[in-house]
Visitor: 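Below is one structure. I have some questions about it.
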Amino acid sequence: MPTLEPEQLAIREMKEDEAPIVLELLKDGFKDTENRLILYVLTRPMALLLMAIVSSGLRFFLNSFVVALVLPVLLTVVALKLLLWRSPDLGHLHAYYSTGQRGLWVAVYDEDDVCGCVALEPHDGEPHTAELKRLAVNRWYRRSGVGRSLLCFLESQARAQGFKFLVAQVSVVTKAAIGLFESSGYDVSGGRQWLGYTVQQEFSKEL
């Protein structure tokens with residue numbers, strides 16, 4: 001964990017030529033989160049039971065016991081990866097977050113080192129609610145206050161745009177992110193489940 005000089009950290013709108021850097025930053029975070037989430041999902045008792053049932057059925061059609069055992073796991077992993085990466089903004093970050101009330105900002109250290117990012121988007125169907133998205137911090141800068149600075153900055157941006165509530169979708173395996181939101185006054189207001197297990201929590205805060 002590096003020691004940062006606060007006056008050297010600035011947060012500003014992402015420039016168009018910085019989109020590839022931000023995308024790589026997001027991908028690095030995705031890989032870490034998705035691997036832990038997939039392991040979490042695959043080790044739930046119901047998932048293990050379903051894969052065992054599918055594997056037993058495949059043994060009647062396949063000559064290989066190993067293939068029948070591994071194939072359900074591989075198919076589940078592929079399906080989860082496709083689901084996690086399905087997002088309309090990742091292919092064109094600058095264009096997507098340059099329209100309407102959307103925005104994407106980067107944390108820059110020492111004038112030119114992009115070390116984090118965060119985005120804002122109106123929440124579907126709720127006119128006074130915004131959603132915090134794409135909060136990510138470079139591995140080298142984690143646990144140095146960059147994430148909290150980005151969160152506080154985004155809250156100020158949301159207030160300035162007239163939003164009264166801010167929500168964020170957080171994977172249950174990202175303990176550091178959960179701790180950040182809890183310590184910043186956010187409460188759990190919902191979540192997404194898979195086979196009866198919570199895989200994503202929604203945090204919300206009144207601004």
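Keep in mind that what you see is a predicted model, and the values were worked out from it rather than measured.
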Visitor: Taking atom CG as the centre, does Asp17 end up with more than 12 heavy-atom neighbours from other residues, nucleotides or ligands that are less than 6.0 angstrom away?
Guide: yes
Visitor: How far apart are the closest heavy atoms of Ala176 and Arg143, and which atoms are they?
Guide: CB-NH2, 4.3 Å
Visitor: Check the pair Phe181, Tyr186 against ring pair (Phe, Tyr, Trp, His ring centres under 6.0 Å), reporting the backbone distance first and the verdict last.
Guide: CA-CA 5 Å; Phe181 284 106; Tyr186 287 76; 5.1 Å; yes
Visitor: List the steps and the verdict of side-chain contact (heavy atoms from CB on, under 4.5 Å) for Leu23 and Leu93.
Guide: CA-CA 8 Å; Leu23 184 59; Leu93 286 170; 4.1 Å; yes
Visitor: What are the two closest non-hydrogen atoms of Gly29 and Arg142, and how far apart are they?
Guide: CA-NH2, 4.3 Å
Visitor: Quick check for you: to the nearest 0.5 Å, what is the distance between Glu155 atom CD and Leu120 atom CG?
Guide: 11.0 Å
Visitor: Please tell me whether Leu207 and Leu150 are part of a single hydrophobic cluster in this structure, the criterion being side-chain heavy atoms less than 4.5 Å apart.
Guide: yes
Visitor: What's the spacing between Ile178 CD1 and Ser183 OG if we round to 0.5 Å?
Guide: 12.0 Å
Visitor: Whether the side chain of Arg159 engages the backbone of Lys164 through a donor-acceptor N/O pair (distance < 3.5 Å, no angle test) should be reported.
Guide: no
Visitor: Which atoms form the tightest heavy-atom contact between Ile11 and Ser149, and what is the distance?
Guide: CD1-O, 3.6 Å
Visitor: Under the side-chain contact (heavy atoms from CB on, under 4.5 Å) rule, what do Phe203 and Val167 come out as? Steps first, then yes or no, please.
Guide: CA-CA 5 Å; Phe203 285 87; Val167 300; over 6 Å; no
Visitor: Heavy atoms only: give me the nearest Gln101-Pro122 pair and the separation to one decimal.
Guide: CB-CG, 3.8 Å
Visitor: Can you tell me how far CG of Leu135 sits from CG of Leu180, rounded to the nearest 0.5 angstrom?
Guide: 6.5 Å
Visitor: With a 3.5 Å cut-off and no angle check, do the side chains of Ser189 and Glu202 form a donor-acceptor pair?
Guide: yes
Visitor: Side chains of Glu121 and Tyr96: donor-acceptor distance under 3.5 Å anywhere?
Guide: yes
Visitor: For the backbone of Glu5 and the side chain of Tyr109, can you confirm whether one donor and one acceptor N or O come within less than 3.5 Å of each other?
Guide: yes
Visitor: How about Glu131 and Gln169: do any of their side-chain heavy atoms sit closer than 4.5 Å?
Guide: yes
Visitor: Determine, stepwise, if the pair Val170 / Gln200 fulfils side-chain contact (heavy atoms from CB on, under 4.5 Å).
Guide: CA-CA 5 Å; Val170 183; Gln200 188 178 71; 5.8 Å; no
Visitor: Find the distance between CG (Asp187) and CD (Glu206) and round it off to the nearest 0.5 Å.
Guide: 10.5 Å
Visitor: Leu154 and Ala119: which non-hydrogen atoms are nearest, and at how many Å?
Guide: CD2-O, 3.6 Å
Visitor: Are Leu26 and Val106 connected, step by step, through hydrophobic side chains (Ile, Leu, Val, Met, Phe, Trp, Tyr) whose heavy atoms are closer than 4.5 Å?
Guide: yes
Visitor: Can you tell me how far the CG atom of Leu166 sits from the NE2 atom of His128, to the nearest 0.5 Å?
Guide: 15.0 Å
Visitor: Check the hydrophobic clustering (I, L, V, M, F, W, Y; side-chain heavy atoms under 4.5 Å; chains of links allowed) and say if Val188 and Phe165 are grouped together.
Guide: no
Visitor: Do side-chain atoms of Lys205 reach the backbone of Ser184 as a donor and acceptor pair under 3.5 angstrom?
Guide: yes
Visitor: Please check: side-chain N/O of Ser156 versus main-chain N/O of Cys152, any donor-acceptor pairing under 3.5 Å?
Guide: yes
Visitor: Please check if the side chain of Asp113 supplies one atom and the backbone of Cys115 the other of a donor-acceptor pair under 3.5 Å.
Guide: no
Visitor: So which atom in Gly116 and which in Leu25 form the shortest heavy-atom distance, rounded to 0.1 Å?
Guide: CA-CD2, 3.7 Å
Visitor: Please lay out, stage by stage, how Tyr97 and Lys133 fare under the test side-chain contact (heavy atoms from CB on, under 4.5 Å).
Guide: CA-CA 11 Å; Tyr97 286 108; Lys133 303 181 70 175; 4.0 Å; yes
Visitor: With rounding to the nearest 0.5 Å, note down the distance linking OG in Ser204 to CD in Glu126.
Guide: 9.5 Å
Visitor: Look at the side chain of Arg134 and the backbone N and O of Leu104, then say whether any donor-acceptor pair between them is shorter than 3.5 Å.
Guide: no
Visitor: Determine whether a donor-acceptor pair (N or O, by modelled atom type, separation under 3.5 Å) exists between the side chain of Glu18 and the backbone of Lys15.
Guide: yes
